[in-house]
Amino acid sequence: MAAEQDPEARAAARALLTDLYQATMALGYWRAGRAQEQAEFELFFRGCPFGGAFALAAGLRDCVRFLRAFRLQDADVQFLASMLPSDTDPAFFEHLRALDCSDVTVRALPEGSLAFPGVSCRVCGPLLVVQLLETPLLCLVSYASLIATNAARLRLIAGPKKRLLEMGLRRAQGPDGGLTASTYSYLGGFDGSSNVLAGQLRGVPLAGTLAHSFITSFLGTEVPPNPMLAPAASQGPMVDLAACVEAWLDRVCAHLGLGVQEPHRGERAAFVAYALAFPRAFQGLLDTYSVQRSGLPNFLAVALALGELGYRAVGVRLDSGDLLQQAQEIRRVFRSISAQFQMPWLESVSITVSNNIDEEELTRLAQEGSEVNVIGIGTNVVTCPRQPSLGCVYKLVSVGGQPRMKLTEDPEKQTLPGSKAAFRLLGADGSPLLDLLQLAEEAPPQAGQELRVWPRGAQGACTVRPAHVEPLLRLWVQQGQLCEPLPSLAESRAFAQLSLSRLSPEHKRLEQPAQYRVALSDKLQALVARLRAGGSS
C-alpha cells in the first residue's frame, strides 16, 4: 500500500514503533499456522479522564495514515531477526517483508466525537497483522484523545468568547508529543498554536509575537538603519517613527503622571523596532521591566505614533503578576488615553495573558467582567498534569468468528466479547441519553422503540425509548482501502464543538459530573454471562 502523498506523511509513525512482544507473538502465531486467521480487536478506554464524564475521540487521521504506509523495510526485518532466536525459520522473515494492511478493516468514531468508556474502534484482519498494530494504534489514539479532551475542558471553562492559544511546544514531551499536542488542542477547541510545524503539516492557525529576550537585547542607544515609515494608506510623506514615538511619550507620561525618564529606553527601542517590522500587527510585551511605569507608557507611545499614521496596534501581552487585576488596570488606561487623544480604537486593543495558567487560574481569568481577551496556555495543556495518560487498551474480542473474552479477578479489566456495533440513543431534543453496545449480528435499535438495556456498573436492566438513534462506528478503511475522505482538522474541530454542545450540562460539569451511561443489549449481556460462567471458548 502506498503512503499518502501529503506533507503530513512525514509525521507518520514507523512500523517498528512498537513493543518487542508484538514481534515475538507474531512469530508464535506464524509458527502455529495462525497468521492468516481472521481476528478482531477493539481499542477503547475504561474511564473518562480528569475526573470528567466525557472524552473526545482523536487520532483517527494518524491511524489511517499509519495503516496506509505500513510496511516493514529490509532494515526493519534485519533488526527483528537480530532480536529473535538465531534459529528462527527464514521463511518467517520473508512473511514479514510481504506484510501490509491490505486486508485490514477499521470502524471507528469520527474524529472529534464524544467518546465514553468501552465505545471502541474496531480493527479486523489477519491475526498476525492486527496484533502488530496494537502498540502503534494505542500510541496514536491515546495521547491525541487525552490532549483533545484536556483542551475541550479548558475551552468549556474559558467560554466561547475568549481566544485560547496553545504555547506548550517547549514544555512538551519531545517533538512528536509537541506536534500531537498542538494538533489536538486545536481540535479540542483552542484557536491556534505557536508551533510552526503544526501550521505547516497540519494547518493549525499560528500566533506569536516576541519574547522578553527581544526587549532586553536593546539598550536604547541603537539607531535603526531606516526609522522611516510610510502612512498606512501609502499617501503622504514618510515619517521618522522613532522621533514620533518620543513626541508621543511626552504626552502619554504627562497624562499618566509619570516622568518622561521612567519608561525604559531599551524597551521603547525594542517596541519601535518591532513596529517598524510589523506596523500592521504591532503588539507589546509589557512586563519586562515595570508594566505601569515602563511597558504600558512605551507601548502607548508607539501605538499612538502608529495610529497617527493610520495603523492600529493589535494587542499587548502580560506574562507575570496578577494577570486579571493588571488587565483591568490596563483597560482603564486604554479607555482614558483613547478619550484623551481621540483614538477610539485604542480602548478595545486586545489583552493577552500567559504564565503557567491552569484550570483554576483560567476560571478566574474567564469570570464576568474580565478584561482579558486572549489566553495562552502551555504546560497545562500539553502535559495534562491532572492525568498524564488516558489508559486506552486494545483487546482481542473475536477470532475466526468466535467471541473471545478476557476473564480476570479484576472485574474492571474484563472485556466484552464478540464483534459489536455501537449506537447513541438520543432524546427528543437531540441530547444523548446513553450509548448502546450490541452484537454486530443484531438488528439496529429503532427510534421510538422501547429497549431493555443493561447499563454497565448497574445491578440490573432498565428500559429506554429513544427519539433518535445514531450509529457510532463508521467504516473508514475496508480491506486496506479508504472508504471516504477523512474530514479536515478544522472540520473535526467544528464537529467536536457541535458534539459538546449537544451533551447535557450535567455531563459537562468539570467537577463531580453525572456519569454518562453505556449499556449492553440483552443479547450481548447474555453472551457475557455465558462466557463468565463457562470460561472463554
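The basis for the numbers below is simple: all heavy atoms, side chains too, and nothing from hydrogens, waters or symmetry mates.
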Between Ser182 and Arg202, is a side-chain hydrogen bond (donor to acceptor under 3.5 Å, both in side chains) present by the stated rule, with each step listed?
CA-CA 9 Å; Ser182 300; Arg202 303 296 180 86; over 6 Å; no

Keeping the roles fixed (side chain from Gln387, backbone from Phe50), state whether a donor-acceptor pair exists under 3.5 Å.
yes

Could you tell me whether Gln512 atom CD has more than 12 heavy atoms of other residues or ligands within 6.0 Å of it?
no

If we count only N and O atoms by modelled type, under 3.5 Å, do the side chains of Ser398 and Arg404 hold a donor and an acceptor together?
no

Are Leu390 and Tyr143 close enough, and set up right, to give a side chain to side chain contact (heavy atoms under 4.5 Å, CB included), and what steps lead you there?
CA-CA 7 Å; Leu390 179 55; Tyr143 184 55; over 6 Å; no

Are Lys420 and Leu524 side-chain neighbours, meaning at least one heavy-atom pair lies under 4.5 Å?
yes

Does the side-chain hydrogen bond (donor to acceptor under 3.5 Å, both in side chains) test come out yes or no for Ser193 and Asn195, once each step is laid out?
CA-CA 5 Å; Ser193 170; Asn195 186 341; 5.1 Å; no

I'd like to check the side chain to side chain contact (heavy atoms under 4.5 Å, CB included) partners of Pro445; sequence neighbours left out, ordered by chain and number.
Phe423, Leu425, Leu436, Gln438, Leu451, Val469

Can Gln478 and Thr105 be said to form a side-chain hydrogen bond (donor to acceptor under 3.5 Å, both in side chains), step by step?
CA-CA 4 Å; Gln478 186 169 34; Thr105 295; 5.5 Å; no

Gap separating the CD atom of Glu491 from the CG atom of Leu486, nearest 0.5 angstrom:
10.5 Å

Counting only heavy atoms not in Arg97, do more than 12 fall under 6.0 Å of its CZ?
yes

Side chains of Gln78 and Phe93, heavy atoms from C-beta outward: is any pair under 4.5 Å?
no

What pairs meet the ring-ring contact (aromatic ring centres under 6.0 Å, His included) rule with one or both residues in residues 483-521, with sequence neighbours excluded?
Phe116-Tyr516, His507-Tyr516

Test Ser521 against Glu442 for side-chain hydrogen bond (donor to acceptor under 3.5 Å, both in side chains), laying out the working first.
CA-CA 9 Å; Ser521 70; Glu442 296 184 64; 2.7 Å; yes

Residue pairs, two or more places apart or on separate chains, that pass salt bridge (Lys or Arg N to Asp or Glu O under 4.0 Å) and touch residues 154-166:
Arg155-Asp191

In terms of side-chain heavy atoms, does Gln414 have a donor or acceptor partner in Arg532 at a distance below 3.5 Å?
yes

Decide, yes or no, whether a salt bridge links Asp435 with Arg517 under the criterion of side-chain N to carboxylate O below 4.0 Å.
no

